[in-house]
There are 2 protein chains.
Amino acid sequence: MIVVMDTRERLIESTRELLWERGYVGTSPKAIQQRSGAGQGSMYHHFDGKPALALAAIGRSAGALKAAAEVEFARPGTVVERVTGYLRRERDAVKGCPVGRLTQDPDVMADPRLRRPVQDVFAWLTDRLAGLLAEGRANGELDIGLDPAATAAALVAVVQGGYVLARSAGSPGIYAQAIDGALGLLAGHVRYPPHPDPGAQHPDDPHQ
Amino acid sequence: MIVVMDTRERLIESTRELLWERGYVGTSPKAIQQRSGAGQGSMYHHFDGKPALALAAIGRSAGALKAAAEVEFARPGTVVERVTGYLRRERDAVKGCPVGRLTQDPDVMADPRLRRPVQDVFAWLTDRLAGLLAEGRANGELDIGLDPAATAAALVAVVQGGYVLARSAGSPGIYAQAIDGALGLLAGHVRYPPHPDPGAQHPDDPHQ
DNA sequence: GTCTATATCCAGATAGAC
DNA sequence: GTCTATCTGGATATAGAC
């Protein structure tokens, strides 16, 4: 299947890539034009300027992050399996997180409109994960003493910090190690089996 | 005590602050001159150019990070107490990590000389922490099943990722929560008491 | 919608006087 | 050591023709 992108679409995708690779401060209109193949006039026809283009690109990256996480969270399986799926999801660790890296961009953080999608997606992510952990605590899978909100924040932080370590090392090994460490720590709070939940399909217990 | 810095010193410190606040790409020679109070000619007399100035500033930030961590690691007390001290050390979470933020700077990562101190300090930090955790495992304080290297990577990642979350939220609460979560997870692997170590002074057991 | 021309300002220096 | 002058190029647009 060949997907032909129109100019507007190519501008947004090129901006997304450049924000990921070089950040907002490090991305120039000229670089966006060259990568997208659009001319000067064409770019300013479709978008007011660099901030408007960045807003479209950032919104899209935040949406993609949310969707990719939700895929893992919504899988069948125990809470621990789904959390593990999220943490072990394939990522290009050395490339870093397209949303997380924006928190280091002073001009993004200074502009409320650019900052909003970044703030919102991390708030959503930690809340969603906290809900999942609370579910695991309620069904007996996880220790009653485990704080869902704090644990969720820690797990999201391990992913974001894992990117930092992988970039500093220039290789993804330390990212995988950090995830392993987090799962090893979590394992100390897992109790089997979870209580059966009539509303859920469990792969090991498919009511056959 | 009044400390008078000479021009060279003010240039390095100003660069350090600007790299922290705005990154390498976002920091211009002019901004450095204005903050340091040095003129154009003065700056280029003391340093070859922006990369040379950044190298001095980054080396200093990396050294400061290492020294601050070592203060916590070298305190008296159990391994868990010292790891807790490191994690709970006062940090301006919203400002972020002066070294970690450089991993998002494409021009820093692309220059081996600028990148080296960043890479080295994170490698040192995870190794140092892994050694401490191995010590805790050996003296019976920590579960035998705990992987020191992976756990160390996870804990360093929680700190770095906590900064990302705090910056995204614009407030330090989520950073503290992530640290709490990590310590809560670690608590599931702590066994008391540690074996007595004749070479160490323990505050709860001071051989009085 | 896309193109080219033009404009202003800043980045990042170099040169030489003092 | 510090100052001012000067330079090349890129960032970030705006204007108007096609």
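First the proteins, then the strands, lettered A, B, ... as listed; each starts at 1.
- The separation between Arg22(A) atom CZ and dA11(D) atom P is 9 Å, rounded to whole Å.
- Note that Lys95(A) lies outside the cation-pi zone of Tyr163(A), set by a 6.0 Å cut-off to the ring centre and a 45° limit from the axis.
- Taking atom CD of Gln33(A) as the reference point, atom C1' of dG1(C) lies 14 Å away to the nearest angstrom.
- The number of heavy-atom neighbours closer than 6.0 Å to CZ of Arg113(A), taken from other residues, nucleotides and ligands shown, is 12 or below.
- Rounded to whole Å, atom P of dA13(D) lies 10 Å from atom CD of Gln40(A).
- Between His46(B) and the phosphate of dT2(D), there is a side-chain N or O to OP1/OP2 separation shorter than 4.0 Å.
- Between the CD atom of Glu9(A) and the P atom of dG1(C) there is a distance of 15 Å, rounded to whole Å.
- Look at CE on Met43(B): it is 7 Å from P on dA13(C), rounded to the nearest Å.
- Put simply, OH on Tyr44(B) is 16 Å from C1' on dG16(C), counting in whole angstrom units.
- Cation-pi check for Arg91(B) over Tyr86(B) is met; the charged atom lies under 6.0 angstrom from the ring centroid and within 45 degrees of its normal.
- Distances shorter than 4.0 Å separate some side-chain N or O of Thr7(B) from OP1 or OP2 on dT2(D).
- Using a 4.0 Å cut-off, no side-chain N or O of Lys30(B) falls inside it from OP1 or OP2 of dC10(C).
- Of the candidates dT2(C), dA13(D), dG1(D), the closest approach to any side-chain atom of His45(B) belongs to dG1(D).
- When the P atom of dA11(D) is taken as reference, atom CD1 of Ile32(A) falls 11 Å away, rounded to whole Å.
- Atom C1' of nucleotide dA11(D) and atom CG of Leu53(A) are separated by 15 Å, given to the nearest angstrom.
- Under the side chain to side chain donor-acceptor pair (under 3.5 Å) test applied with Glu13(B), the options Arg8(B), Arg35(B), Arg60(B) reduce to a single match, Arg60(B).
- Within 4.0 Å of Gly39(A), counting heavy atoms only, lie sugar-phosphate atoms of the nucleic acid but no base atom.
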